[in-house]
Amino acid sequence: MTAAYYSEHLETMSAGEVDDLQSRLLQRHLPALVARSPFYARKLAEAGCDARSIRRPRDLRNLPFTDKAELRESQLAAPPLGEYAGVPMRDVVRVHASSGTTGRPSYVGVTAADADAWADIAARVYWCEGMRPDDVVLHAFGLGFFVGGLPLAEAVQRIGATFIPLGTGATDRLLSSAADLGGTILSCTPSYARYLAEHMRDELGRDPRTLGVRRVLVGAEPGGAIPAVRDRIADDFGAEVRESVGNADVFPMYAATCDALDGNHLLAPERLIAEIVDPESGDVLEWEDGAEGELVATHLDRECVSLVRFRTRDRVVVRTTPCPCGRTAPRITCVGRTDDLLIVNGVNVWPSAISDVVSSVPRTTGAIEIVVPGPLPKVDPPVCVRVEHAAEPGDLETLCATLEGRIRDKLVVRAKVELLPPGTLPRSQAKTRLVRVLEPAEAGQ
Ligand SMILES: [Zn+2]
C-alpha cells in the first residue's frame, strides 16, 4: 500500500524503532522548549529536573504533568497565549480556542510550521479513515474557533478531495449540497449524524440512505467508539463509519479507525509521545492490550503552545494485537472523560457505557442525558437517565422497564429512566456532554 498520505515508514515501525525515533526528537525538542518557555523552565526547576537528563520517552515519567487548569491560569497571567506559548505573537499565524465551559476560552496558537504539521497529521488520519482524492466531503463541524473545522480543510485538500465548508446549523444547506455536489463523505459529530438521520426520516419523510454518502467520519465526542451508536449510524446512512480522536490542545486529530474497526491507531509518532497513566495515582501504565487509563501527551516538534505530559482527561482502552491493516501503532478507544466518570456504590460507570446500552434498545432515538444532583464522581443510586423514545415507542411503561432492566443487567447499577419525546434533548455539532450536573438551585427543587 503506497499513497501520498500513508507513510509505510512511520506507520509500520516496530516499537523499538518508534522509541529510537522519539528519543532522538525528544533530546532535541525538550531543552529547546525549556529555553524559550518560562512556564516549563520554572516547572522543571521546581521539580528539580534537568531537561537534558530526559533521553528517552520512558524518562518523561520523571517530569511533572501539565493540566488544563495550569494552562488557563498561565493565559490569564500572561495573555494572550500564556507563558507556555514559546513563541512571540508575531510568529503566530492563526489562533483557535478549545471549547471552554465558562468564562474566557482557552486559546491555542499555531505558527506556520505548526499549521503545516496539523494538516499533515490530519491528512494521514483521513487517509486511514478511507478518504481518497475523488471524495467530496460535507464538513458539518463548526468553522469558527473550533480546531475540528477550518484546520481540516487543508488536510482534505492535501489528499486531493473536495472540501465543502458547511459548518454547523446548516442542515438544509447540507441536504441540498449533498445532492448538488455529489457528497460522498459526511464529516460531523456522532450526535449530529443521528440527528440528521432522524430529521430526514421524521421531518422530511426521507430515507437517510438517499443522502448518498459512502462514509461517515465522526469525531469530537466518544459516540463513534460506542459499537451500538456506530452501527446505528452505519445502518441509517448505509455507509461505513470511521472515528478519529483529537484534542484542541494536542492536535485536531492524531488517531483514527482503520477498516478493522478495532480502536484508533496513533498516527503521529514523529510529533507526539503518548503515555497512559492511572488517572488517580498518575502512575504510568504499560502499553499492553486491554490497559485502561488516561492519555497523556507530549509534543515533539510543536513551536507554539508545545506541551509536556499534558493530561488530556480522555480515558482510553488500549489494543496492541496485530492489526490486519498492517499498521503497527497501538490503538486507543476513548471510553469517556476522566471528569465524567460516575462512581455508583463503588462501581465505576462511564456515561458512554449507559449510552451504548440505551442505543442497543429499539424504540429509542439513542439520545440520552444523565442528570446528577451534585459534583462527580460519586452518585447515589438510582442514576437518573433521561432517554428519548422513538416516534412510535409502543407502551412507555414497558420501554422504561426494559431500559432499567438492561442497564442493571449490563452495568450492575440501578437507574431511573425518564422517557422524553424524540428531539427533546440537545444535539450538538461540536461536542455533546452526556452528563448534566444540576446547579445547587435546581438540585434543591
Ligand atoms: Zn489497523
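Counting starts at 1 for both ligands and their atoms, following the listed order. FYI, side chains are in, hydrogens and waters are out, and symmetry mates aren't considered; it's all heavy atoms of this structure.
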Arg271 bridged to Asp301 by N-O distance under 4.0 Å: yes
Cut-off 3.5 Å, side chains only: do [X] and [Y] have a donor facing an acceptor?
| X | Y | value |
| --- | --- | --- |
| Thr111 | Asp114 | yes |
| Thr171 | His199 | no |
| Arg331 | Thr321 | yes |

Nearest 0.5 Å, please: how far is CG in Leu26 from NE2 in His299? 13.0 Å
Is there any ring-ring contact (aromatic ring centres under 6.0 Å, His included) pair reaching into residues 154-186, and which pairs are they, with sequence neighbours excluded? His139-Phe163
Excluding waters, how many protein N/O/S atoms sit closer than 2.8 Å to the Zn ion (ligand 1)? 4
